[in-house]
Number of protein chains: 4
Amino acid sequence: MAEQVDRRQALVNAAFSAIAERGFEGFRLRPIAAAAGIDHSTLHHYFPTKADLIAAVLQHVTSQFEATMHVALEPAARLRRHLGEIAAAVVERPELFIVLDEFDLRARRDASMAATIKRDEQGWRDALVAIFEEGVEQRIWSVDLDVNASVELVIATLKGSRLRPETAEAVAKQLCDLFSTGARA
Amino acid sequence: MAEQVDRRQALVNAAFSAIAERGFEGFRLRPIAAAAGIDHSTLHHYFPTKADLIAAVLQHVTSQFEATMHVALEPAARLRRHLGEIAAAVVERPELFIVLDEFDLRARRDASMAATIKRDEQGWRDALVAIFEEGVEQRIWSVDLDVNASVELVIATLKGSRLRPETAEAVAKQLCDLFSTGARA
Amino acid sequence: MAEQVDRRQALVNAAFSAIAERGFEGFRLRPIAAAAGIDHSTLHHYFPTKADLIAAVLQHVTSQFEATMHVALEPAARLRRHLGEIAAAVVERPELFIVLDEFDLRARRDASMAATIKRDEQGWRDALVAIFEEGVEQRIWSVDLDVNASVELVIATLKGSRLRPETAEAVAKQLCDLFSTGARA
Amino acid sequence: MAEQVDRRQALVNAAFSAIAERGFEGFRLRPIAAAAGIDHSTLHHYFPTKADLIAAVLQHVTSQFEATMHVALEPAARLRRHLGEIAAAVVERPELFIVLDEFDLRARRDASMAATIKRDEQGWRDALVAIFEEGVEQRIWSVDLDVNASVELVIATLKGSRLRPETAEAVAKQLCDLFSTGARA
DNA sequence: AATGAATGAGTATTCATTCAT
DNA sequence: CATGAATGAATACTCATTCAT
């Protein structure tokens, strides 16, 4: 029983690494099976089709993004903490975000993949909305602040940082500073 | 003579559309040739290898991004104008940005592609640096403004908006507002 | 288990016949697979590349030339017997020698093939050297006999007979007669 | 007019070199045309089909083997001279003999090629027959000498030497010595 | 559960040849 | 004469999937 779970997980891990390194374009089942130490036809016992394995990888990836929101903190600090943590994650585990990018791009042509991603992002989006709404309520930010646009800005910025991990932290900090103090002389 | 150019261009256009619609993963030469109305072996007369065609598509894509900087404007207005124009382009021609995303992702595994993209982006990066440096000089923005981080923030944000065209304009405006006035109450 | 060996052998046999009949120039994999009664892609299950199949054919061919030297015989008789046996083989199985010729020619441009052939020929060459050295020692042949040149002469003659099987036996006999009566001590 | 002849010859020369270096297996028309400095479709103006060009190469090769028999010499000396000259040619222009080998092998599957080669060889064969018949007549060699077998032996030996130019001269000398001392009347 | 043999549709690429110019 | 565009049949090789064992 445990074997099964392990094998499945080994396959998902191998698939994840393969996608991170070579993208979907060069994603082939045989090397995945080989990396997991099993015959390539045995792989089909665990994942009947290639799409099934890919779906499992997506699950695996999204499951790593349990919202790390620190609700106890006041909004500005919470935003800073959140942006910092994600930027740090981009630096520490760039493959995770590379793979996410692959999935984001693929979701454009795969409805079920798009749905999974959207569901997963909703939690994130809601948490960000909460930050900004609380911040406005507490007069940290102006009542004129466009909450939705701010949320999308944060999301877009973080997504856009994924391909350049080396700039992720500076970018996150800069965005945070703009929200905190603005840029005027 | 004109025929040649047309055929080549027709192939590049067909390839561009195919990548926009199906990504690199499903990018096959036969349908491209068919879409251009020629035999698939004739395609190789124009582009000896698949990579050659892809390179031509990349050229075609990057050539559409002639810097649209309005140097006459003062820095803040220039930034606003620039962000607005790109956001508008994302809305009007989302495929262009989708394909750019495909190339960005592919560049991670293809050095020559990475070089082409980097060269192309350098002009953009330089123009943004100029905006912020002039802005700081003219005391529009604080001398403490991290110019490089700001540039990367703008780039990351715009790249991150590519996958969600519907939010691109609001996001660009929000970023611009933060630079102009900040968000404080 | 037996199936596997049979299929592999069937492919090698079919490949051998194809090379004998049409040479390397017209050597294509599909007809080989068809002759062995399998799909052309299944062929790649047994021989990943064309070169692998060709290498197997070479092995198969060289393995048929286990030295048929009769060490018990005295040198002159041994030479006569050897020449006679090879000439007879050229007559009985001309395809074997045709294919050998194809490989000899190909070896000029394929180092690993050249190595295999050379290794295989070394045994033959050594056995011939032994015949002539013993013959000189026993004063059957003159001490002035150039052993190496004699060995190369035998080899060249036999190789040169491959393309004209109908003359092979007369040629072998004639060469033998010359050695019998013309090189005496 | 002279241009035409030159172009044709340039193509034949280029084709000859290509066959010498890569054999028939890798013999392609485009590189031949390129080597001759013309477009690949212009080649078809001079040689409508690939086979036509190959036939011209064969003509070119066989034309280089004008019998170099020195009829004035007495038979044994004539044989020695002839063998020496061919062996020297093998050493000096190995490509010529390599290409001949390619043609010999190909002639097995191409009747018209076989005919051309046979016709060309007939002159050689006749000259060798004359040597041995005169030699027997003049009691240089025994009346028991098998003239035809001797001729075929000479031919086989020389053909067999083609693939090993480095041994050609020693082999020719050895064969000659055997005839000198071993077939005496 | 696991294997390896088998499949067939598909992949880029090649090449002799033809044809309009 | 010469060109380059165009063809189509062929070529080795790939890969997800299936099936008998």
Side-chain angles (χ1 to χ4, degrees), chain A residues 1 3-4 7-8 25-33 36-54, chain B residues 1-8 11 25-33 36-54, chain C residues 1-8 11 25-33 36-54, chain D residues 1 3-4 7-8 25-33 36-54:
Chain A
M1 199 72 88
E3 275 254 357
Q4 276 183 56
R7 278 274 169 74
R8 273 187 73 93
E25 221 186 322
F27 183 60
R28 301 294 133 80
L29 293 186
R30 274 169 149 89
I32 304 305
I38 61 173
D39 189 89
H40 69 276
S41 44
T42 303
L43 182 151
H44 287 280
H45 204 274
Y46 296 95
F47 301 99
T49 75
K50 190 178 185 177
D52 293 329
L53 174 57
I54 290 174
Chain B
M1 195 77 84
E3 277 256 356
Q4 276 183 59
V5 176
D6 288 355
R7 277 279 215 289
R8 270 188 76 93
L11 285 166
E25 217 188 325
F27 182 59
R28 301 295 135 81
L29 294 185
R30 275 166 150 91
I32 304 305
I38 61 174
D39 188 271
H40 69 275
S41 50
T42 303
L43 182 151
H44 286 95
H45 183 66
Y46 294 96
F47 301 100
T49 71
K50 188 178 186 176
D52 292 330
L53 175 57
I54 290 174
Chain C
M1 193 77 85
E3 278 258 355
Q4 274 184 58
V5 175
D6 289 354
R7 277 278 215 287
R8 269 187 76 93
L11 286 165
E25 217 189 325
F27 182 60
R28 302 294 136 79
L29 294 185
R30 275 168 150 87
I32 304 304
I38 60 174
D39 188 89
H40 69 275
S41 51
T42 304
L43 183 152
H44 286 95
H45 183 66
Y46 293 96
F47 301 100
T49 73
K50 189 179 186 176
D52 292 331
L53 176 56
I54 290 174
Chain D
M1 197 75 85
E3 276 253 358
Q4 277 184 54
R7 279 273 168 77
R8 273 187 72 93
E25 222 187 321
F27 182 60
R28 303 292 135 79
L29 293 186
R30 274 168 150 91
I32 305 303
I38 61 173
D39 189 88
H40 69 276
S41 44
T42 304
L43 182 151
H44 288 278
H45 204 275
Y46 295 95
F47 302 99
T49 74
K50 190 179 186 177
D52 294 330
L53 175 57
I54 290 174

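Lettering of chains follows the sequences in order, A, B, ..., and the numbering in each one begins at 1.
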First of B:F47 and C:L43 reached from the 5' end of DNA chain E, by closest nucleotide: C:L43
Interatomic spacing from OH in A:Y46 to CZ in A:R7 - rounded to 0.5 Å: 4.5 Å
Spacing of B:K50 atom NZ and B:L43 atom CG [to the nearest 0.5 Å]: 11.0 Å
Interatomic distance, D:H44 NE2 vs F:dT3 C1' [rounded to whole Å]: 13 Å
CG on B:D52 to CG on B:L11, rounded to 0.5 Å: 12.5 Å
Spacing between B:R8 atom CZ and F:dG4 atom P, to the nearest angstrom: 15 Å
Short side-chain N/O contact to F:dA2 OP1/OP2 from D:H45, under 4.0 Å: no
Considering all heavy atoms, the nearest B:P48-B:H44 contact: O-CD2, 2.9 Å
From CG (C:L29) to CZ (C:F47), nearest 0.5 Å: 10.5 Å
Between F:dT7 (P) and B:I38 (CD1): distance, integer Å: 7 Å
Pair pattern of DNA chain E in dot-bracket, where unpaired bases get dots and | marks partners in another strand, Watson-Crick or G-U under 3.5 angstrom: .||||||||||||||||||||
side-chain N/O D:Y46 vs F:dA2 OP1/OP2, d < 4.0 Å: yes
Between P of F:dC15 and CG of A:L53, the distance in whole Å: 15 Å
Side chains of C:F27 and C:I32 in contact at under 4.5 Å (non-hydrogen atoms): yes
Give each protein N/O atom lying under 3.5 Å from an N/O atom of nucleotides 8-11 of chain F, with the pair distance.
{"from": "F:dG8", "atom 1": "N7", "to": "B:D39", "atom 2": "OD1", "distance (Å)": "3.2"}
{"from": "F:dG8", "atom 1": "N7", "to": "B:S41", "atom 2": "OG", "distance (Å)": "2.5"}
{"from": "F:dG8", "atom 1": "O6", "to": "B:S41", "atom 2": "OG", "distance (Å)": "2.9"}
{"from": "F:dT11", "atom 1": "OP1", "to": "C:R28", "atom 2": "NH1", "distance (Å)": "2.4"}

